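Computed from a predicted model, the values in this text were never measured in an experiment.
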Amino acid sequence: MSRQRTMDAILASEYVSIGELVRIIGCRYSTLKFYTEENMLPFEQAEQNLTRRYRREETVKRIQWIKKLKEDGLSIPQIKNVLQTAPKKESDPG
């Protein structure tokens, strides 16, 4: 079992794991796993057995955007549609 990286190391990293995203965002692991499985969070994975890696800055912004859309009352299918149809520039909420 590997040791957890410090928050400073995580925040300085270009790529993070889903567990590290949980620590950054404060979301539940199951929520982020669901978003990933629903193709709402893009990730990179070199081989099938390797850990999924998320681009930290882009993914944090995307999760914050998903949270905002949920607060605005959109359903998951509606949020997925917004994520898929928004131009790249608009998909960056901040």
Side-chain angles (χ1 to χ4, degrees):
M1 190 166 163
S2 64
R3 293 178 15 168
Q4 285 188 351
R5 295 195 296 173
T6 65
M7 187 56 80
D8 288 339
I10 293 169
L11 295 176
S13 208
E14 181 180 359
Y15 290 95
V16 295
S17 68
I18 193 168
E20 292 168 340
L21 280 173
V22 168
R23 291 175 62 195
I24 295 169
I25 297 292
C27 266
R28 291 173 45 171
Y29 177 90
S30 58
T31 300
L32 297 182
K33 187 167 170 33
F34 173 78
Y35 291 164
T36 299
E37 290 171 352
E38 291 294 315
N39 297 317
M40 296 166 72
L41 295 180
F43 63 90
E44 295 178 19
Q45 188 173 14
E47 296 176 23
Q48 190 171 355
N49 294 337
L50 295 178
T51 302
R52 294 173 178 162
R53 302 178 329 147
Y54 301 83
R55 288 187 178 272
R56 181 182 49 81
E57 286 186 34
E58 293 171 21
T59 306
V60 167
K61 288 178 183 178
R62 193 165 179 106
I63 293 167
Q64 291 169 337
W65 191 29
I66 291 169
K67 284 181 162 185
K68 170 80 170 86
L69 294 171
K70 282 182 69 176
E71 288 171 8
D72 291 345
L74 273 68
S75 67
I76 292 297
Q78 290 171 321
I79 292 171
K80 286 173 67 173
N81 187 49
V82 169
L83 295 174
Q84 291 169 356
T85 59
K88 177 70 175 146
K89 202 157 195 132
E90 287 182 29
S91 68
D92 183 355

Evaluate the side chain to side chain contact (heavy atoms under 4.5 Å, CB included) criterion for residues T36 and Y54: first the C-alpha distance (whole Å), next the side-chain angles of each, then the deciding distance (0.1 Å), finally the verdict. CA-CA 10 Å; T36 299; Y54 301 83; 2.8 Å; yes
At what distance, to the nearest 0.5 angstrom, does CD1 of I66 lie from OH of Y35? 5.5 Å
Find out whether Q78 and L69 are in side-chain contact, i.e. whether some heavy atom of one side chain is under 4.5 Å from a heavy atom of the other. no
Give a yes or no on whether a salt bridge exists between E71 and K67, defined as a side-chain N under 4.0 angstrom from a carboxylate O. no
Report the distance from atom CZ of F43 to atom OG1 of T59, rounding to the nearest 0.5 Å. 11.0 Å
Quick one: closest heavy-atom pair of I79 and K70, and the distance? CD1-CG, 3.3 Å
Heavy-atom nearest pair, I63 first then C27, reads CG2-SG, 4.3 Å
Could I get the full list of side-chain contact (heavy atoms from CB on, under 4.5 Å) partners for R23, not counting sequence neighbours? Q4, M7, I10
Please round to the nearest 0.5 Å and tell me the distance separating atom CG of L21 and atom OG1 of T31. 12.0 Å
Could you pull out the closest heavy-atom pair between Q45 and T51, with the gap in Å? CG-O, 4.4 Å
To the nearest 0.5 Å, what is the distance between OG on S13 and CD on E20? 6.5 Å
Contact list for residues 73-87, test salt bridge (charged side-chain N to carboxylate O under 4.0 Å, His left out), sequence neighbours left out: E38-K80
State, yes or no, whether a side-chain contact exists between I18 and R52 at a heavy-atom distance under 4.5 Å. no
Can you tell me how far the CG atom of L83 sits from the CG atom of L41, to the nearest 0.5 Å? 8.5 Å
Modelled atom types, side-chain donor and acceptor of R55 and Y15, under 3.5 Å: yes
When rounded to the nearest 0.5 Å, the distance separating CD of E14 from CZ of R56 is 9.0 Å
Between N39 and Q84, does a side chain to side chain contact (heavy atoms under 4.5 Å, CB included) hold up when you go through it step by step? CA-CA 10 Å; N39 297 317; Q84 291 169 356; 5.7 Å; no
